[in-house]
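In what follows, chains carry the letters A, B, and so on, assigned in the order in which the sequence lines appear, proteins first and then strands, with residues in each chain numbered from 1.
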Amino acid sequence: MDEQSEHGGDVFAERRAKLAAWRAAGDVYPTEYQPRDEIGPLHEAYAALEAGQDSAGSQRVAGRVVARRVHGKLTFVVLKDLSGELQLFCQLDMLGDERYAALEHVDLGDFVGAEGRMMRTRRGELSLRITSWQLLSKSLRPMPEKYHGLTSVETRYRKRYLDLAANDDSRDVFIKRARIVAAVRHFLDDRGFVEVETPVLQPLYGGALAKPFITHHNELERDLYLRIATELYLKRCIIGGIDRVYEMGKDFRNEGVSFKHNPEFTMLETYEAYVDYNHVMTMVEEMTAEAARAVGGLKVTFREHEIDLTPPWPRLTMRKAIESETGIDIGADDARTVADLQAAIKAKGLDETVPLAPAWGAQVDDLFSECVEPKLIQPVFITEHPLETSPFAKKTPHDPRFVERFEGFIAGMELSNAFSELNDPDDQRERFMQQMQDLADGDETAHRLDEDFLEAMEYGMPPTGGLGMGIDRLVMILTGAPSIRDVILFPALRG
RNA sequence: GGGCCGUUAGCUUAGUUGGUAGAGCAGGGGACUCUUAAUCCCAAGGUCGAAGGUUCGAAUCCUUCACGGCCCA
């Protein structure tokens, strides 16, 4: 494929020629344009300017050219910066023959700086009547069409810069994402949490049940894993006396891609000493509400669902949730083995939809995921999960088959996951042993034995409430973005 | 991994029972000092995702592959 067809045919060639002419005439790529007025504040400052009037003084703006309308000796150019758009009112008799003629060579997509005085046209459009202007950067490729914008889903992900430049809705999502992240940090910082950074490259991965990415350190001559969670390092911080600690960062899981899964994603984990999972539940409600208020309100629309995030959220044990949806009581005496449970599933005619799992805990998980999870549209905390699938959570005092754990669901998605953290090193060792057995039985996601972590716990770990929260999913809910790819700037794609 | 749908100009798209593609925007030439999806006139731009196959003839039918979306696992 030759360069011309690859780069947009005649448009690219035309603009290359214009660039050559610009270069011959002077500097096309200056280093700055200062001082500069933001466009958004100008709209506020001159809101009262009446049609047909000019203001006193002079303003300087800069931005990308998003529209150009030539009317003989008058040209309208629309500049866009992060804060908004402003029309430049460009007249031959204000600019002179040479500078007015040079406007002919300005293309959509170019960056331009301009100076002049604020005015409002007879038709009522706030504008800058410019006295001078300069090219700040040349665009060689045609920008997406102005009216429809860029709608091709694939191009939006692969060339996110075009999506951001052409689609304000897309840009807004990422601005909101930043506000959500800031609100979460502010919430935690206010409560005395200490933000830390723990290793991304780990000699042993852990803290979740997932498949890792493996990499290699050449000098150390050893394989390392990209973290699947920060849990075990943050607990070491708790052991060390950082009583409230959190980390927000990327985790990596070598698993499938879907509307709610990306191989690298942003996770918040928090650990607080001397509290249990009930305390963490309240914190999650409040933190979510605060994040929601930062970008709008507590009522949001996600995938056609009207969702009310106002605390408090209902709390329901997994046992009751499954019983009310399926009629199966996973805590009953006749449901204690995986065979018992599968018999009950068959008796209810659910074996068509619920996959059969090798163990009781995994079977409960499948039953829940299939029959309950999709129905959890309004915010709800599901509590007391099976012991087997929760190797870091304390057993409930009343039934050792279950643990002090909750997951927060919104719109059928798991957003948070929290425990009263296991701090008994002997119990923790037993859990690891069970995980090793699961691994031997073929469960690739089973947890590895971590002696170094056990040793840390043996020095003494306070009672602790811990939390994991998926930040990408939180942003999805709060912005109404239907896919995780809409809230991750550069999502994972094939090819 | 499976099912369904999609891929046509830089962007947004039309394309009938199979008869070798039509438009808008952007870009080029021209007119225009209040437009804002500016308008008007002219000209140009396409190996129809890729590779095979059926056919006198394929954007269209078939097969395989690539990429994407939705649903399922």
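Within residues 348-365 of chain A, no residue has any heavy atom under 4.0 Å from RNA chain B. Against RNA chain B, the stretch residues 151-164 of chain A makes heavy-atom approaches under 4.0 Å through Thr151(A), Ser152(A), Val153(A), Glu154(A), Tyr157(A), Arg158(A). Of the residues in residues 252-259 of chain A, not one places a heavy atom less than 4.0 Å from an atom of RNA chain B.
Residue pairs that meet the salt bridge (Lys or Arg N to Asp or Glu O under 4.0 Å) test with at least one member in residues 45-59 of chain A, sequence neighbours left out, are Asp54(A)-Arg117(A), Asp54(A)-Arg129(A). Among pairs with a residue in residues 71-91 of chain A, those fulfilling ring pair (Phe, Tyr, Trp, His ring centres under 6.0 Å) read His71(A)-Phe76(A), Phe76(A)-Phe89(A), at least two apart in sequence or across chains. Residues in residues 334-379 of chain A take part in these ring pair (Phe, Tyr, Trp, His ring centres under 6.0 Å) pairs, two or more places apart or across chains: Trp360(A)-Phe402(A), Phe368(A)-Phe409(A).
Side chains of Asp107(A) and Met143(A) form no contact here, defined as non-hydrogen atoms less than 4.5 Å apart. In this structure, the side chains of Asp168(A) and Lys80(A) come closer than 4.5 Å at one or more pairs of heavy atoms. At a threshold of 4.5 Å between non-hydrogen side-chain atoms, the residues Gln378(A) and Pro314(A) do not count as touching. Proximity of Val257(A) to Arg494(A): side-chain heavy atoms (C-beta onward) are nowhere separated by under 4.5 Å. Side-chain contact check for Met267(A) versus Asp251(A): some heavy-atom pair is nearer than 4.5 Å. Val354(A) places a side-chain heavy atom less than 4.5 Å from the side chain of Gln363(A).
Partners of Ser83(A) by side chain to side chain donor-acceptor pair (under 3.5 Å), not counting sequence neighbours, listed by chain and number: Glu38(A), Asp81(A). Residues forming a side chain to side chain donor-acceptor pair (under 3.5 Å) with Arg60(A) (at least two apart in sequence, or on another chain): Glu115(A). The side-chain contact (heavy atoms from CB on, under 4.5 Å) search around Phe490(A) returns Arg160(A), not counting sequence neighbours. In this structure, the side-chain contact (heavy atoms from CB on, under 4.5 Å) partners of Thr301(A), at least two apart in sequence or on a different chain, are Glu306(A). Applying the salt bridge (charged side-chain N to carboxylate O under 4.0 Å, His left out) rule to Arg253(A) yields no partners; only residues at least two apart in sequence or on another chain are considered.
Atom P of nucleotide C34(B) and atom CG of Asp54(A) are separated by 16 Å, given to the nearest angstrom. Here the P atom of nucleotide U36(B) and the CZ atom of Phe76(A) are 9 Å apart, to the nearest Å. The interatomic distance linking Leu88(A) (CG) with C34(B) (C1') rounds to 15 Å, in whole Å. When the P atom of A37(B) is taken as reference, atom CD of Glu85(A) falls 11 Å away, rounded to whole Å. What separates CG of Leu493(A) from P of U7(B) is a distance of 19 Å, to the nearest Å.
In a base pair of the Watson-Crick type (N1 to N3 plus N6-O4 or O6-N4) or a G-U wobble (N1-O2 and O6-N3), with each distance short of 3.5 Å, U60(B) is matched with no nucleotide. Look at G24(B): its Watson-Crick or wobble partner, with both distances under 3.5 angstrom, is C11(B). Nucleotide G46(B) is matched to nothing when pairs are restricted to Watson-Crick or G-U wobble geometry with both distances under 3.5 angstrom. Across all strands shown, G18(B) forms no Watson-Crick or G-U wobble pair with both distances under 3.5 Å. Remark: G68(B) base-pairs with C5(B). Criterion, Watson-Crick or G-U wobble with two distances under 3.5 Å. Base pairing analysis places U33(B) opposite nothing; no Watson-Crick or G-U wobble pair with both distances below 3.5 Å involves it.
Of the candidates Val28(A), Val77(A), Leu135(A), Leu135(A) is the only one forming a side-chain contact (heavy atoms from CB on, under 4.5 Å) with Asp110(A).
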Base versus backbone protein contacts along nucleotides 25-33 of chain B [heavy-atom cut-off under 4.0 Å; B, S, -]
BSSS---BB

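A50(B) sits 13 Å from G10(B) when the P atoms are compared, rounded to a whole Å. A9(B) sits 13 Å from U47(B) when the C1' atoms are compared, rounded to a whole Å. The same atom, P, is picked in G6(B) and in G30(B); the two are 44 Å apart, to the nearest Å. The gap from the P atom of C61(B) to that of C4(B) amounts to 15 Å, rounded to the nearest Å. On the P atoms, C41(B) is 29 Å away from U8(B), given to the nearest whole Å. U60(B) and G52(B) have their P atoms separated by 14 Å, given to the nearest Å. Remark: the separation of the C1' atoms in U20(B) and C34(B) is 48 Å, to the nearest Å. Only the P atoms considered, C62(B) is 26 Å distant from C71(B), to the nearest whole Å.
For U20(B), the base is syn relative to its sugar; the glycosidic angle is within 90° of 0.
Counting any heavy atom pair closer than 4.0 Å across all strands shown, Gly149(A) reaches sugar-phosphate atoms only and no base atom.
Two residues, Ser483(A) and Gln87(A), neighbour RNA chain B, and the one matched to the more 5' nucleotide by heavy-atom proximity is Gln87(A).
Ring-plane geometry between Trp22(A) and His105(A) is classed as perpendicular, the angle between the planes exceeding 60 degrees on a 0 to 90 degree scale with a lower cut at 30.
The shortest distance between the side-chain N/O atoms of Arg69(A) and the OP1/OP2 oxygens of U39(B) is not below 4.0 Å.
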